[in-house]
Amino acid sequence: MSATVTTDDIKDAFLAAFRDPQFMKKHLPVWQNMNTFIHYRIDFHEVLDNLPVEHPFGQLWAAFCDLDTAMADVHETRKTAGRNGPKYDHWVIAAERYLDEARSAFEKVCIDLRTCLTFGLVV
């Protein structure tokens with residue numbers, strides 16, 4: 001039987017990750033490290049999914065889901081364009097813009113969350 005994950009567990013894990021010098025490996029941007037971290041912490045997904053969007057972790061989850069959807073859209077759009085030629089280029093450009101916006105929004109939420117956790121503003 002597995003233990004139930006709480007928002008305190010999630011807060012502690014994020015704080016530990018943000019404080020770990022190895023976490024920011026290879027000078028990757030914050031959004032990329034956090035995206036990988038959330039993907040591998042499957043045990044957090046159900047708790048995050050059930051938080052209201054007003055909660056800082058709810059905002060993180062919403063931005064993460066938006067980014068994940070945008071990455072999948074770009075992948076599928078590029079596949080379609082590759083099979084069908086230049087007439088789909090405008091779709092690829094639109095999907096990539098959406099991905100850029102989602103990535104920027106996710107990074108902003110990650111940085112805001114890191115600041116809030118660092119100063120004890122998330123309860």
Side-chain angles (χ1 to χ4, degrees):
M1 177 183 263
S2 64
T4 303
V5 174
T6 67
T7 53
D8 284 338
D9 297 330
I10 295 171
K11 181 171 72 173
D12 293 344
F14 277 98
L15 268 172
F18 285 134
R19 291 178 178 154
D20 181 358
Q22 295 300 314
F23 180 70
M24 297 305 280
K25 56 188 170 197
K26 299 180 186 175
H27 306 288
L28 295 174
V30 172
W31 76 266
Q32 200 166 358
N33 284 311
M34 290 303 297
N35 185 50
T36 302
F37 179 76
I38 295 169
H39 266 290
Y40 286 109
R41 291 306 306 254
I42 295 170
D43 54 328
F44 290 175
H45 291 188
E46 185 177 345
V47 174
L48 291 170
D49 193 37
N50 289 313
L51 289 172
V53 76
E54 296 81 22
H55 190 282
F57 288 123
Q59 292 172 11
L60 178 74
W61 183 249
F64 169 78
C65 291
D66 196 33
L67 176 62
D68 207 42
T69 299
M71 288 192 297
D73 286 350
V74 165
H75 176 73
E76 288 302 315
T77 304
R78 285 179 180 157
K79 274 186 1 188
T80 301
R83 287 192 300 267
N84 297 306
K87 67 181 179 180
Y88 287 93
D89 284 351
H90 63 285
W91 285 12
V92 173
I93 292 168
E96 288 174 346
R97 282 186 185 151
Y98 172 54
L99 176 59
D100 287 343
E101 290 171 11
R103 188 181 298 133
S104 294
F106 182 67
E107 180 146 27
K108 181 184 179 326
V109 169
C110 290
I111 291 169
D112 289 350
L113 179 63
R114 180 176 60 191
T115 301
C116 288
L117 288 171
T118 301
F119 292 104
L121 302 174
V122 175
V123 287

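Here the CG-OG1 distance, from L99 to T69, works out to 11.0 Å after rounding to the nearest 0.5 Å. Taken from CH2 in W91 to CD in E76, the straight-line distance is 12.0 Å, to the nearest 0.5 Å. In this structure, the separation between CG on D43 and CD1 on I10 is 8.0 Å, given to the nearest 0.5 Å. Here CG of N50 is found 13.0 Å from NE2 of H45. Values are rounded to the nearest 0.5 Å. Taking CG of D12 as the start and CG of D8 as the end, the distance is 6.5 Å to the nearest 0.5 Å. Between F64 atom CZ and L60 atom CG the span is 8.5 Å, to the nearest 0.5 Å.
Between N35 and M71 there is a side-chain heavy-atom pair separated by less than 4.5 Å. A heavy-atom distance below 4.5 Å is found between the side chains of F14 and I38.
Hydrophobic clustering (ILVMFWY, side-chain heavy atoms < 4.5 Å, transitive): F106 and V30 are in one cluster. Following chains of ILVMFWY side-chain contacts shorter than 4.5 Å, one cannot reach V53 starting from L48, and the two form parts of different hydrophobic clusters.
Under the side-chain hydrogen bond (donor to acceptor under 3.5 Å, both in side chains) criterion, Q32 pairs with no residue at all, not counting sequence neighbours. Under the side-chain hydrogen bond (donor to acceptor under 3.5 Å, both in side chains) criterion, D9 pairs with T6, sequence neighbours left out.
The salt bridge (Lys or Arg N to Asp or Glu O under 4.0 Å) analysis of residues 59-74, with sequence neighbours excluded, yields no pairs.
For the pair H39 (side chain) and M34 (backbone), a donor-acceptor distance under 3.5 Å is absent.
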**Request:** Begin with the C-alpha distance, continue with both residues' side-chain angles, and end with the deciding distance and a verdict on side-chain contact (heavy atoms from CB on, under 4.5 Å) for L51 and W61.
**Result:** CA-CA 8 Å; L51 289 172; W61 183 249; over 6 Å; no
**Residues F18, T118; criterion side-chain contact (heavy atoms from CB on, under 4.5 Å); working and verdict** = CA-CA 9 Å; F18 285 134; T118 301; 5.8 Å; no
**Request:** Take L15 and R114 through the side-chain contact (heavy atoms from CB on, under 4.5 Å) test and state the conclusion after the steps.
**Result:** CA-CA 8 Å; L15 268 172; R114 180 176 60 191; over 6 Å; no
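Residues E54 and Q59 come closest through the heavy atom pair O-NE2, 3.5 Å.
Between F44 and F57, a ring centre-to-centre spacing not shorter than 6.0 Å is recorded.
Comment: D100 does not engage R97 in a salt bridge, judged by the lack of any side-chain N to carboxylate O separation of less than 4.0 angstrom.
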